[in-house]
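Within every chain, numbering begins at 1; the chains are lettered A, B, ... in the order of the sequence lines, protein sequences first and strands thereafter. Not measured: the values here are computed from a predicted model. Worth knowing before you read on, the calculation uses all heavy atoms, side chains too, and leaves out hydrogens, waters and symmetry mates.
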Number of protein chains: 2
Amino acid sequence: MKNRCENCIVRQFNSLRAMSKEELKRVSDSKTTKSIKKGQSIFEEGEKLNGVFCVREGVSKLSKLSANGKDQIVKLASKGEVMGQRSVIAEESSNLSAVAVSDMEVCFIPKEGIVDTLHKNPDFTVEVLRHMAHDLREADDVIVNMSQKSVKQRVAEAFLYLGENFGEDKEGYLSVTLSREDIANVVGTATESCIRIISEFKKKGLIKTSGKKIGIANEKKLRDLVEGF
Amino acid sequence: MKNRCENCIVRQFNSLRAMSKEELKRVSDSKTTKSIKKGQSIFEEGEKLNGVFCVREGVSKLSKLSANGKDQIVKLASKGEVMGQRSVIAEESSNLSAVAVSDMEVCFIPKEGIVDTLHKNPDFTVEVLRHMAHDLREADDVIVNMSQKSVKQRVAEAFLYLGENFGEDKEGYLSVTLSREDIANVVGTATESCIRIISEFKKKGLIKTSGKKIGIANEKKLRDLVEGF
DNA sequence: GATAAAATATGATTTTAGTCAGTTTTCCAA
DNA sequence: TTGGAAAACTGACTAAAATCATATTTTATC
């Protein structure tokens with residue numbers, strides 16, 4: 001058992017860093033690490049979660065099924081992010097499904113350790129609260145984008161977002177590779193519309209593609225487009 | 001000074017109920033009550049808030065200005081709701097503006113009392129956390145609705161939402177009266193489109209109107225419409 | 001390496017919603 | 001009470017995006 005939370009760098013990025021040594025030890029002793037293949041499900045919408053998932057490696061999409069049968073991707077979670085927090089805290093079943101977008105390593109942490117610490121260590125609780133406050137702000141921004149921006153603007157914004165938050169490889173392609181359908185589900189549009197816009201962006205030199213990989217070719221122009229030209 | 005938080009029934013609906021007697025006393029001593037006229041602003045997007053606002057009476061719209069110059073209403077806050085929490089907790093300036101939709105009574109509570117309690121009373125912090133978790137879930141739902149439902153469905157849903165959350169008067173009209181423009185800004189559409197849909201709903205007997213008041217005439221049909229008929 | 005299945009792409013068409021222009025109604029404030 | 005502004009409404013037109021159909025490419029699998 002060499003993978004101790006105490007040594008896990010990922011912890012730096014989430015609320016676990018506010019835990020005391022003892023609390024962290026308890027979490028580390030109770031956690032289990034899982035390898036998850038691309039495309040595999042981590043948890044489902046409506047499922048009762050008895051713990052949270054801490055992402056060590058890879059990226060997961062968090063989505064919600066809409067009445068018309070389409071998935072809307074609400075958030076992408078990568079290294080350091082904790083999934084399922086909201087449901088555990090609210091003591092509700094999950095409102096989102098989590099599916100791996102790339103091969104992943106995640107740690108499952110049973111909720112007891114988390115919930116106990118929430119009630120005993122205010123620093124930890126405040127830290128979790130801050131994170132949630134941040135998520136809420138982001139959600140507000142998404143609402144505004146969804147309702148006020150055109151599909152073209154949202155696609156452009158999605159690429160910029162992916163670049164900023166998940167980085168690029170040496171050749172300048174986005175590190176997270178999503179299928180066209182997933183991109184459409186992030187943006188909230190039809191897959192065909194999304195593909196068309198990608199072609200258009202490519203033709204105009206805003207992005208470059210290589211297989212399903214996408215790279216930002218002209219950041220300035222993309223930004224101008226997002227701002228409403 | 002007869003309006004003590006200790007006696008305020010509004011408190012039952014928000015996180016303040018988890019405060020101890022002493023903490024509540026402190027809050028009560030530091031708070032100030034304000035009357036706000038319909039249309040008046042409570043705080044602006046980008047403003048640094050040095051406290052939170054607890055709604056005693058009336059309704060406020062929380063909105064965000066989009067790049068194209070339109071307001072998107074992200075949330076409506078009524079009796080018992082606390083506004084500005086997110087910003088105070090995250091120590092950021094507000095991401096939303098608050099404007100009174102009806103005449104209001106709000107209490108301003110300086111942040112010190114809140115922040116201190118957050119660090120000292122885990123029960124309170126967890127309570128706040130629960131509320132925020134709930135808000136976040138609602139925000140996720142809004143994102144999905146915005147991106148996957150038609151304008152017609154969103155308008156129908158807005159009326160049902162208003163009915164459920166703010167009630168109706170004796171004649172069966174929604175208690176919150178919003179202008180057509182505000183409804184459009186909740187739904188994320190053009191005012192004209194919104195008006196057209198309202199006319200259509202009225203013609204089809206889904207709703208009834210009286211001046212700017214709107215009442216639900218056929219809940220079942222409205223629900224069917226929201227579900228995609 | 002062949003073949004089926006899935007993902008990507010493109011075209012034609014329809015639906016939906018936004019925009020612009022103008023009219024009517026409502027609501028205040030002088 | 002009345003004139004002027006704001007809000008509500010209507011119509012015509014345009015633009016954006018969804019849908020349907022089909023072709024092509026990529027990927028996985030035996």
Side-chain angles (χ1 to χ4, degrees), chain A residues 37-40 61 66-72 99 101-103 145-158 177-204 207-214 225-226 228-229, chain B residues 37-40 61 66-72 99 101-103 145-158 173 177-203 207-214 225-226 228-229:
Chain A
K37 287 258 155 52
K38 176 176 173 174
Q40 214 181 318
K61 57 177 173 182
S66 72
N68 62 27
K70 263 194 187 165
D71 261 331
Q72 174 64 36
V99 173
V101 156
S102 62
D103 289 351
N145 284 339
M146 283 297 177
S147 47
Q148 305 284 358
K149 290 195 173 142
S150 68
V151 173
K152 222 173 271 187
Q153 289 176 307
R154 272 140 56 199
V155 172
E157 190 153 55
T177 305
L178 297 173
S179 69
R180 304 294 142 112
E181 190 182 0
D182 278 343
I183 298 172
N185 290 346
V186 166
V187 165
T189 190
T191 309
E192 298 94 318
S193 301
C194 183
I195 289 173
R196 252 182 266 278
I197 289 169
I198 290 173
S199 306
E200 187 193 325
F201 282 3
K202 196 179 166 183
K203 209 174 295 171
K204 289 189 179 160
I207 60 171
K208 57 185 176 177
T209 65
S210 164
K212 44 177 49 186
K213 278 186 169 304
I214 287 173
L225 201 159
V226 171
F229 75 82
Chain B
K37 288 257 155 51
K38 176 177 171 172
Q40 215 181 315
K61 58 178 173 181
S66 72
N68 63 26
K70 264 194 188 167
D71 260 331
Q72 174 65 37
V99 173
V101 155
S102 62
D103 289 350
N145 284 339
M146 284 297 178
S147 49
Q148 304 284 358
K149 289 194 174 143
S150 68
V151 173
K152 221 173 273 187
Q153 290 177 306
R154 270 140 57 197
V155 172
E157 189 153 57
Y173 292 100
T177 306
L178 297 174
S179 68
R180 303 295 142 109
E181 191 183 358
D182 278 343
I183 298 172
N185 289 346
V186 167
V187 166
T189 189
T191 308
E192 298 94 319
S193 300
C194 183
I195 290 173
R196 253 183 265 276
I197 288 169
I198 290 173
S199 307
E200 187 193 327
F201 282 3
K202 196 179 164 182
K203 208 174 293 171
I207 60 170
K208 57 186 177 178
T209 66
S210 164
K212 45 176 51 183
K213 278 185 168 306
I214 287 174
L225 201 158
V226 170
F229 69 82

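- Whole-Å rounding puts the A:K149 NZ to D:dA17 C1' distance at 18 Å.
- Distance, B:K70 NZ to C:dA17 C1': 10 Å, rounded to whole Å.
- Of all non-hydrogen atoms in A:G39 and A:V99, the two that sit nearest each other are O-CG1, 3.6 Å.
- Within the 4.5 Å cutoff, the side chain of A:V226 has heavy atoms near those of the A:K149 side chain.
- One atom, CG of B:N68, and another, C1' of C:dT19, lie 13 Å apart when rounded to the nearest Å.
- The minimum heavy-atom distance between B:V101 and B:K38, with the atom names listed, is O-CG, 3.5 Å.
- In this structure, the CZ atom of A:R154 is 7 Å from the P atom of D:dA17, given to the nearest Å.
- The phosphate of C:dA7 has neither OP1 nor OP2 within less than 4.0 Å of any side-chain N or O from A:K212.
- D:dA17 atom P lies 17 Å from atom CG of A:N185, rounded to whole Å.
- The separation between B:R180 atom CZ and C:dT25 atom C1' is 12 Å, rounded to whole Å.
- Helix-axis bend for the helix from C:dG1-D:dC30 to C:dA30-D:dT1: the local axis fitted to the five terminal pairs at one end deviates from that at the other end by 50°, rounded to 10°.
- A donor-acceptor contact shorter than 3.5 Å links the side chain of A:N68 to the backbone of B:Q148.
- Atom NZ of residue A:K202 and atom CD1 of residue A:I197 lie 15.5 Å apart, to the nearest 0.5 angstrom.
- The CD-P distance, from B:E181 to C:dG18, rounds to 14 Å in whole Å.
- Nearest approach of A:R154 to A:M146, heavy atoms of both residues: NH1-O, 3.6 Å.
- Between B:R180 and B:C194 the shortest heavy-atom distance is O-SG, 3.8 Å.
- Listed by residue number, B:E192, B:I195, B:R196, B:S199 are the residues of residues 186-199 of chain B with a heavy-atom contact under 4.0 Å to DNA chain D.
- Atom CD1 of A:I198 is separated from atom CD1 of A:I214 by 4.0 Å, given to the nearest 0.5 angstrom.
- Remark: B:E192 CD to B:E181 CD distance equals 10.0 Å, nearest 0.5 Å.
- As a whole-Å value, the separation of B:K38 NZ from C:dC28 C1' is 12 Å.
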